[in-house]
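Written below as structure tokens is the structure these notes are about.
Whatever order the structure lists ligands and atoms in, that order sets their numbers, starting from 1.
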Amino acid sequence: MKITWLKWLLACFSGSTLLMHAGERPNIVFFFADDQAYDTIGCYGNPDVKTPNMDRIGRSGLIFDRHYNTTAICMASRANVMTGLLEYRTGCNFMHGPMARSIWNESYPLRLRRAGYRTAFGGKFGFGVLDDPRKGGGENTYDNLPVDDFDFWVGGIGQTSYDTSKNKYLAPYADRYPHSSRAYGAAGVDFIRESVKTDQPFNLTLFFKAPHRPTTPDPAFDDVYRDTTFRKLPNYGREAGEHLAPQHKLGRQYPRFEEWGYHTEETYQAALRTYNQQIYGIDVAVGMVLDELEAQGIADNTVIIYSSDNGFFNGSHGLGSKVLPYEEGSRVPLMIYDPRVPEAQRGRRTSAVSGNIDIAATIMDLAGVGGRSNLDGQSLMPIVRGEKKAVRETLPLIQVWGPAGTYALSVVTEQYKYIYWCYGEGMEPQEELFDIQFDPYEMRNLLQQPSEHPGLAIMRHHYDIELQKWRDKAVPFNNYQPFGTVFDRSVSWEKKKELLSRKK
Ligand SMILES: [Ca+2]
């Protein structure tokens with residue numbers, strides 16, 4: 001909100017904490033992309049892409065180089081981000097179930113609204129909210145979206161559509177912006193214009209559909225990458241996956257390397273062109289919002305957060321799409337720009353490990369909302385302000401979606417990633433250990449050498465602690481409790497198989 005000197009003076013004399021707080025508390029804008037890989041933004045170091053507005057955020061703020069989604073798929077990741085809780089505590093993913101209203105009630109948008117923020121949601125919400133999550137299906141419908149929990153709503157159902165007119169809340173923008181990415185930007189601008197007329201600080205959350213499939217770039221930007229030849233990451237191709245655990249080939253990610261055209265030069269370039277064109281559409285929408293904040297004179301009291309719900313394998317290790325715990329699947333961009341932070345602390349990068357569960361904690365911290373000790377996430381603001389180098393030593397990565405062959409629990413630290421693939425049908429359960437600092441493309445499993453790597457004992461220890469937390473805290477519904485045993489390194493596959501078949 002805009003605070004005038006008159007309001008400030010009034011607040012001082014009346015002792016009104018409401019007005020005082022409104023002025024002190026920042027507005028918070030959170031942009032969230034769908035399936036945007038970490039190397040798709042100019043300020044992250046990719047010379048092939050054009051993302052001037054995302055670069056404005058990164059170059060003025062803090063760029064996180066080791067930010068992960070604790071579950072790397074749309075529905076679960078959105079639930080993590082909203083609540084600051086790990087998947088076994090949100091109880092929410094495809095094939096598991098929707099979110100219980102009691103859990104949703106403690107999400108950041110609701111806590112901020114209760115604390116006096118004006119709140120808006122636009123885009124792909126991605127999960128349903130039900131009083132009893134045992135009764136519901138997976139994705140949300142108009143009936144189980146929490147529309148009334150926001151002051152302004154332009155969210156859509158299920159996977160949403162790139163066709164603006166198909167979202168009944170967004171449809172008024174369809175004539176001017178038939179493609180949804182810029183329509184979300186325009187809706188964000190309208191929400192800002194309404195909010196500055198009030199005495200409340202605001203929180204705008206925009207969950208873009210782009211660059212998720214089906215490939216549907218905005219034709220207005222057909223020229224942007226017409227002449228671009230996109231590079232390939234050093235771990236591109238089938239050969240760069242041969243050293244990995246065989247379980248990684250058991251999901252849909254493996255055939256998608258060919259099905260989605262990453263396997264030939266011509267089809268790879270075509271896939272990357274439309275993928276990045278969709279990201280360009282988000283960038284334009286981000287620019288619309290950033291420009292409006294400046295036009296309204298509130299940019300210096302508005303914090304901007306930008307991230308993505310999961311990563312994307314554009315052919316890395318011979319894979320397509322997401323979900324698996326390797327870097328391209330689980331690691332994404334995160335940029336936080338707080339204009340109130342001193343200039344010397346801005347325009348930096350950090351290698352501190354952070355997770356999608358930290359975003360809710362960060363937003364609540366910015367808004368001055370207490371009671372965060374129950375969250376799995378930590379506020380990242382001490383890193384943004386340069387007060388701390390890190391806020392967590394370890395982060396778990398959860399994968400309990402899709403075929404059982406791809407189930408894995410992993411732990412990352414600033415140095416290592418440890419992956420435990422529990423599946424043992426016709427193969428051995430597998431452990432993998434990567435030194436992410438020296439081998440960020442995961443081309444060398446440190447356990448494929450004659451002597452035991454000293455990092456193994458450290459990471460198994462962290463892993464066992466994470467698994468114990470799962471046993472202690474998993475919700476008693478939507479099939480999360482069996483995984484406390486399924487991911488136990490000492491339990492036989494026969495026993496695990498019995499548990500996995502029983503859940504159905
Ligand atoms: Ca996604």
### More than 12 heavy atoms of other groups within 6.0 Å of Glu266 CD
no

### Message
Side chains of Asn93 and Glu87: any donor to acceptor distance under 3.5 Å?
### Response
yes

### Message
side chain to side chain donor-acceptor pair (under 3.5 Å) for Asp35 and Asn310? Distances and angles first, verdict last.
### Response
CA-CA 5 Å; Asp35 291 12; Asn310 50 255; 2.8 Å; yes

### Task
Enumerate the protein N/O/S atoms at a distance below 3.0 Å from the Ca ion (ligand 1), ignoring waters.
Asp34 OD1, Asp35 OD1, Cys74 SG, Asp309 OD1, Asp309 OD2, Asn310 OD1

### Message
Please determine whether a side-chain nitrogen of the Lys or Arg among Arg372 and Glu106 lies less than 4.0 Å from a carboxylate oxygen of the Asp or Glu.
### Response
no

#### Entry: Pairing of Lys209 and Asp34 as salt bridge, 4.0 angstrom limit
no

### Residues which pass side chain to side chain donor-acceptor pair (under 3.5 Å) with Tyr68, listed by chain and number, not counting sequence neighbours
Arg66, Glu327

